[in-house]
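Just below is one structure, and these are the notes that go with it.
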Amino acid sequence: MTENLTDDQAWEEMTSATEERAAAKAAAERAERLGVISGGSLSKGLDVKLDRDTDIEKLAVGRYVVAHGRRARFFCMITDIALDSTNPLIAKQPPDMSDPLLAEIHRGTTTFGAVHLSPLLLMEESSDEVKPIKTVPEHFTPVATASQAEVSQVFGEEGAQKVGGKAIHNFHIGAPLDMENVKVTLNLERLVERSSGVFGKSGTGKTFLSRLLLAGVIRDSVAVNLIFDMHNEYGWAGTSEELGGQVKGLKQIFPGKVSIFTLDDESSRRRGSNPDYVVNIGYDQIVPEDLEMLTGILNLSEPQIGAMYALHRNFKEQWLNNLLNEEWIKAQRGTNPDTQKEITGLRAVAEETGQPLNVLAALQRRFERMRNYSFLKPKVLDNSVDRIMRYLDAGTNIVLEFGRYGNDLGAYIFVANFLTRRIHERYVEKKELSFGREGQEPRHLVITIEEAHKFLDPAVAKNTIFGAIARELRKYNVTLFIVDQRPSGIDSEVMSQIGTRVTMLLDNPEDIKAVLSGVSGGDALREVLARLDTKEQALILGHAVPMPVVVQTRRYDPDFYRAMGLRSAEELGARLDENRAAMRPPKDFAGFD
Amino acid sequence: MTAQERQIGRVLRSTTAGYTVGCRELTAEQSRPMPEFGQLVKAQMLNGDTIYGLIYCVTIEDDAFVRQLVAAGVEEAEFIEDQRQRRQVPVVVDVLTVGYGRGDAMIHRLPPQPPRTLDPIFACDGAEFVRFTAEPDWLRIVLAAQDAPVDQLIVAALRAAAEARPADQRQPYKVAAGRELARLLSLDIARLDGILRQLR
């Protein structure tokens with residue numbers, strides 16, 4: 001009896017679970033608490049007066065914080081950090097801070113830290129849903145650093161999920177600043193759904209980040225990729241400035257899912273990348289539209305472009321072959337309509353096509369340069385476009401290495417434009433077929449181009465295939481993944497269609513402006529963007545993330561290879577041995593009756 | 001020390017905001033406490049309330065005998081000591097009311113009634129001083145005082161209050177009180193700085 005009584009007493013004295021949870025929650029909030037909302041507005045952002053115990057030197061712009069309002073939590077990002085005082089005079093008459101007593105009294109009372117927040121999202125207590133922000137928390141709402149649970153609620157758990165009957169894949173891209181253990185994810189479906197871009201000045205790690213993102217897309221088979229690999233960094237191996245060595249390319253991580261195509265077989269073999277196919281383009285496959293984009297690089301004038309079309313009209317697919325064929329030109333015969341004398345050579349061609357002689361001669365000289373491209377042949381047996389389409393249809397990702405032509409912008413633009421135009425045509429065809437007869441929809445294709453501003457600069461974007469792809473969005477299941485260091489050089493109309501922008505450090509104001517154009521709260525982000533580290537930090541904004549996010553990007557290292565599913569030879573061997581052991585009969589096994 | 005022994009004098013006149021106490025002499029007669037600037041004193045009310053105040057001015061007035069002694073050039077020590085110990089007019093001590101106690105509660109507001117004339121006034125002991133100064137709201141009443149040397153009074157009272165605490169609590173107490181002052185005096189940085197410097 002007495003025992004029961006003491007039990008009862010013990011029960012009475014025990015704190016209830018609710019109380020315990022409340023106490024734990026309060027303690028956690030106190031630990032992470034930074035300060036209280038002291039003012040601000042939805043459009044200009046919120047001001048926070050920091051608590052005395054908050055160490056301002058440990059804060060950083062870009063960090064996530066949550067304002068715990070009465071009805072909802074407000075997910076915000078720190079965009080500015082400031083020093084403030086209750087009385088401006090104190091700045092003019094600084095107290096004697098060498099005295100510990102005075103210092104302790106003044107710190108946090110007359111002088112205090114303040115941060116500026118950009119409110120981003122609203123999390124209601126009752127639901128897991130995250131909503132766009134439409135109001136602000138009230139005065140003196142406590143503000144605390146965001147927890148992993150809160151960050152996950154906003155960005156989504158890492159891995160594959162089903163949301164509303166549709167599969168989505170969230171890819172771990174990195175951690176928020178100062179929050180190493182928190183994972184920020186990016187929705188891969190949304191990343192490829194519209195065109196995306198990776199921007200940053202050279203040396204900031206654009207290629208690493210792009211390869212990281214593409215690896216995510218390939219692993220989860222979210223889309224099939226065609227990568228125009230200008231500097232041979234994606235296919236077999238990439239160089240690492242930091243590690244001073246090589247990192248694995250996509251083919252090494254996903255041997256079964258990636259094929260390497262090359263324009264320069266020799267170079268690829270020298271680098272050990274062992275290409276699956278060598279791309280060749282025949283003169284007879286080239287049409288004037290393919291060259292029109294090179295206007296700037298080949299220095300073509302309007303009359304020369306006109307002449308190209310005229311030649312094509314007259315000689316059909318043989319036009320370029322003929323123009324570059326000395327023998328053929330020499331063999332041309334015609335008569336001068338004025339003098340009725342016989343004329344030969346280029347003069348005769350000029351007469352036949354109705355183009356001025358000097359224009360044709362100039363055109364010939366310009367095209368001389370193309371003879372240096374070994375991948376251009378007067379005649380080829382195989383159609384590279386067919387081959388590429390076959391691979392893409394089968395879901396194999398293609399990395400097209402440029403070898404030594406990577407340094408030749410003309411070659412890069414020509415080939416990228418040549419192939420993309422044709423592949424896009426096929427996609428349009430297939431998509432229309434699928435509409436008409438409910439046939440199979442083509443796999444979503446993502447085309448990666450580097451030095452994108454050369455393709456998308458305002459002068460050419462209007463009439464190139466890349467401008468068209470960027471503008472028409474996902475209509476034909478083809479989107480771009482552009483990698484560029486001069487976003488200001490990209491046509492603003494195209495830029496506005498870039499769904500997801502991943503930006504490393506940019507310091508040119510024009511570039512910053514271009515990247516942030518059309519983004520709400522752009523001014524606040526400008527501060528963040530200009531203060532990114534020179535390496536491995538990126539600002540991600542747009543379609544694939546619910547709100548702009550600054551991340552310390554994930555490292556591209558053996559851990560990453562493993563996460564992508566790569567297993568070392570030893571590991572595979574060990575597993576094989578394990579399986580063998582499991583299948584071996586026990587020692588006393590005498591056989592079946 | 002009994003309450004009787006802690007008595008420093010009796011009320012001469014009083015108002016809601018403060019009162020004046022008359023003491024017999026300034027020099028200590030055995031163990032009797034001397035009125036000190038910044039000291040916490042109390043008066044007991046009939047309804048049980050205790051009115052607390054801070055001593056902010058001690059006045060020793062002259063009288064006819066003092067004048068005569070000085071005028072006559074008397075130098076004998078006994079005359080002087082006799083004059084000091086048997087005064088004709090009392091030593092006048094001005095007290096600023098800073099709150100009252102009701103039951104266990106310390107209330108930092110002005111009391112409903114002032115002490116009556118000839119009420120005995122006692123010095124508070126350290127424990128009571130600590131209890132009264134646990135919350136810093138009394139500082140606001142002192143800052144609003146009209147005639148008292150407010151800044152000096154705050155410094156003296158805070159130092160005494162800190163001194164009444166155990167050694168390890170003195171610095172934290174000064175910091176907490178200093179922060180309250182910083183809040184109250186945020187518009188007058190020079191004054192705040194002056195007080196805090198003397199608090200060190």
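Below, chain A is the first sequence line, B the second, and so on; all start at residue 1.
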To the nearest 0.5 Å, how far apart are CG in B/Leu184 and OG1 in A/Thr109? 11.0 Å
Are there over 12 heavy-atom neighbours, none belonging to B/Arg191, within less than 6.0 Å of that residue's CZ? yes
Quick check on B/Glu135: does its CD atom have over 12 non-hydrogen neighbours (other residues, nucleotides or ligands) under 6.0 Å away? no
With rounding to the nearest 0.5 angstrom, report the CG to NZ distance, A/Leu101 to B/Lys174. 6.5 Å
Among A/Asp99, A/Asp96, A/Thr86, single out the residue with the greatest number of heavy-atom pairs under 4.5 Å to chain B. A/Asp99
Look at atom CZ of B/Phe37 and say whether more than 12 heavy atoms of other residues, nucleotides or ligands are closer to it than 6.0 Å. yes
Approximate separation, where rounding is to 0.5 Å, of A/Leu102 CG and B/Leu199 CG: 8.5 Å
So does A/Pro95 get a backbone contact from the side chain of B/Asp193, meaning a donor-acceptor N/O pair under 3.5 Å? no
d(A/His106 NE2, B/Arg179 CZ) to nearest 0.5 Å is 11.0 Å
Could you state the interatomic distance from OG1 (A/Thr110) to CZ (B/Arg183), rounded to the nearest 0.5 Å? 12.5 Å
For A/Ile105, run the side chain to side chain contact (heavy atoms under 4.5 Å, CB included) check against B/Leu181, B/Leu192, B/Leu196 and tell me which one passes. B/Leu196
Among B/Ser186, B/Ala190, B/Ala176, B/Ala177, which residue forms the greatest number of heavy-atom pairs with chain A at distances under 4.5 Å? B/Ser186
How about CZ on B/Arg200, more than 12 heavy atoms from neighbouring residues, nucleotides or ligands closer than 6.0 Å, or not? yes
A/Arg71 atom CZ, neighbour heavy-atom count above 12 within 6.0 Å: no
If you count every heavy atom of other residues, nucleotides or ligands that lies below 6.0 Å from A/Gln93 atom CD, does the total exceed 12? yes
Where A/Asn87 and B/Ile189 come nearest, the two heavy atoms and their spacing: ND2-CG1, 3.2 Å
